[in-house]
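Below: the structure, in C-alpha cells.
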Amino acid sequence: MTEPEVDVPPVRLVRSGGVATVVLDRPGRRNALDLKGFRLLREVIREIESDPGIRAAVITGAGGTFCSGADLQAVRGAHPLDRMREINEAASVLGNCSKPLVAHVDGYAVGAGWNIALLCDLVVATPEARFAQIFAERGLSIDFGGSWVLPRVVGPQQAKRLTMLAETIDAEEALRLGAVTWVVERDRIDAFVGDLASRLAAGPPVALAQSKQLLDRGPHRTLRESLDAEASAVVVNFGTDAPEAVAAFVGKREPVFEGRWIAR
C-alpha cells in the first residue's frame with residue numbers, strides 16, 4: 001500500500017521561547033518559492049510582527065541550502081503583474097518588520113533568495129554559502145527589493161557589478177562587501193545563531209525596534225531630522241525599558257526587559 005503524500009508547507013514557523021524560526025522548506029527545489037511560498041512568507045512575518053511573545057526571528061532554509069529564489073517553473077497561469085504584487089508584498093512586509101531578523105545562510109542564496117537575506121538585519125553564513133543576483137542569467141531584472149537594499153549594503157558600483165554580471169560570490173567576499181555579518185563554520189553555526197537570537201530576544205524590544213527604524217531611515221534624513229527622531233525615541237525609551245536598565249545597573253543585576261509602557 002502506497003503511503004499518502006504529506007503536504008509540507010513551503011514556509012514554516014517554529015517557535016522556541018521568544019525566538020521564532022522561519023524555515024523555507026522546499027528542499028527538492030532548493031527552497032525556491034512559488035506564489036504560495038511568497039504568500040506564506042508574508043503571513044508568517046506578519047504573525048511574527050503581531051505576536052508580542054516573539055522578540056526576534058531567524059530565517060533559514062531546509063536541506064542544506066537557503067533559497068534559490070523564485071520558482072520559475074511555477075509561473076504559468078499567473079499574470080506577471082499579479083505575480084509581482086504578491087512577491088512585492090512579501091518583500092515589503094519582510095523589509096518593514098520591526099523585530100530583529102537574522103538570516104542563517106548555508107548553501108545557495110540566489111536571486112530573491114539572496115534579497116530575503118539582505119532584508120534581514122544580520123546575516124550569518126557558513127563558508128560553503130554562495131550568493132548571486134542571478135536575474136540577468138534568466139533574462140530578468142533584479143527584484144524582491146534588491147534594487148533598494150543591495151546598493152545600500154555594498155554600494156552602487158558593486159551592486160551593478162553583481163547584478164549586471166550575475167556573478168556568484170562566496171561567503172568571504174560577501175563578508176568583505178558587507179553583505180554578511182559573520183562567517184561561521186557549519187558545525188558551529190546553529191549554536192552561534194541560537195545564541196545571537198536569544199541575545200536579541202532578551203534585549204529591550206521597543207528600543208531595538210526604534211534603533212532599527214532610525215538606522216534604516218537615517219540615510220534619507222538630514223542630521224537635524226535624525227537628531228529630532230532620536231530625541232523622540234529617547235522619550236519613548238524612558239517610558240518603557242530604560243528605567244529597568246537603570247535599576248538593574250544600580251542593583252548590580254541583569255535587566256529584564258518587557259517592552260511595556262510604564263509612564264504615568
Side-chain angles (χ1 to χ4, degrees), residues 7-16 19-51 53-75 77-125 129 131-135 138 140 142-150 153 179 193 197 200 209 212 216:
D7 185 18
V8 178
V11 179
R12 295 186 288 110
L13 182 63
V14 181
R15 292 179 175 83
S16 179
V19 177
T21 299
V22 179
V23 183
L24 310 178
D25 196 1
R26 296 184 77 208
R29 299 289 300 151
R30 287 190 173 180
N31 301 325
L33 296 181
D34 55 10
L35 281 182
K36 179 181 179 181
F38 283 113
R39 290 177 188 132
L40 282 172
L41 178 62
R42 177 190 66 202
E43 293 311 310
V44 298
I45 297 299
R46 282 177 172 164
E47 189 172 343
I48 288 166
E49 182 72 41
S50 64
D51 186 343
I54 296 175
R55 303 272 288 263
V58 175
I59 302 181
T60 190
T65 199
F66 185 72
C67 178
S68 59
D71 187 350
L72 297 182
Q73 293 185 16
V75 300
H79 191 285
L81 284 178
D82 291 335
R83 179 180 174 79
M84 289 312 300
R85 288 189 189 100
E86 298 274 10
I87 292 172
N88 288 347
E89 185 62 22
S92 178
V93 170
L94 179 63
N96 285 293
C97 181
S98 67
K99 298 183 180 180
L101 300 176
V102 180
H104 173 307
V105 181
D106 192 14
Y108 283 90
V110 174
W114 188 6
N115 294 333
I116 289 172
L118 288 171
L119 287 170
C120 293
D121 303 298
L122 302 167
V123 180
V124 187
F131 303 86
Q133 297 288 340
I134 200 70
F135 302 96
R138 306 291 186 259
L140 298 169
I142 192 169
D143 65 22
F144 205 83
S147 64
W148 183 86
V149 69
L150 186 64
V153 171
V193 170
L200 291 167
K212 179 173 175 173
D216 285 344

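Of all non-hydrogen atoms in Pro27 and Gly63, the two that sit nearest each other are CB-CA, 4.3 Å. Residues Gln133 and Ile142 share a closest heavy-atom pair of OE1-CD1, 3.5 Å. Heavy atoms only, all atoms of each residue included: Asp25 and Ala62 are closest at OD1-CB, 3.3 Å. Taking each heavy atom of Tyr108 and Thr65 in turn, the nearest pair found is N-OG1, 2.9 Å. The heavy-atom pair separating Leu40 from Pro9 by the smallest distance is CD1-CB, 4.2 Å. Minimum interatomic distance between Val11 and Gly37 (heavy atoms only, all atoms of both residues): CG2-O, 3.4 Å.
Counting only distance, with no hydrogens or angles, the side chain of Arg26 and the backbone of Ala32 share a donor-acceptor pair below 3.5 Å. Counting only distance, with no hydrogens or angles, the side chain of Asn88 and the backbone of Met84 share a donor-acceptor pair below 3.5 Å. Put simply, the side chain of Lys212 gets close to the backbone of Lys99: a donor and an acceptor are under 3.5 Å apart. Side chain of Asn115 to main chain of Asp143: a donor-acceptor pair is present (N/O by atom type, distance under 3.5 Å, no hydrogens or angles). Between the side chain of Asp34 and the main chain of Asp71, no donor-acceptor pair closer than 3.5 Å is present.
Put simply, the side chain of Thr60 does not reach to within 4.5 Å of the side chain of Val193, judged on heavy atoms. For the pair Glu47/Arg15, a side-chain contact is recorded, criterion being any heavy-atom separation below 4.5 Å from C-beta on. Proximity of Leu101 to Leu94: side-chain heavy atoms (C-beta onward) are separated by under 4.5 Å at one or more points.
Note that CZ of Arg39 is 10.0 Å distant from CD1 of Ile87, once rounded to the nearest 0.5 Å. For the atom pair CG (Leu41) and CG (Leu24), the distance works out to 6.5 Å, reported to the nearest 0.5 Å. Interatomic distance, CD of Glu86 versus NZ of Lys36, reported as 13.5 Å (0.5 Å rounding). Between the CG atom of Asp216 and the CG atom of Asn96 there is a distance of 8.5 Å, given to the nearest 0.5 Å. With rounding to the nearest 0.5 angstrom, the SG atom of Cys97 is 6.5 Å from the CD1 atom of Ile48.
Within a 6.0 Å radius of CZ in Arg30, no more than 12 heavy atoms belonging to other residues, nucleotides or ligands are found.
Ion pairing between a basic and an acidic side chain is recognised when a charged N comes within 4.0 Å of a carboxylate O; Glu49 and Arg46 show no such pairing.
Partner Val102 forms a side chain to side chain contact (heavy atoms under 4.5 Å, CB included) with one of Leu200, Thr21, Asp121 and no other, that one being Leu200. Between Phe144 and the choices Phe38, Phe135, Trp114, the ring pair (Phe, Tyr, Trp, His ring centres under 6.0 Å) rule is met once, by Phe38.
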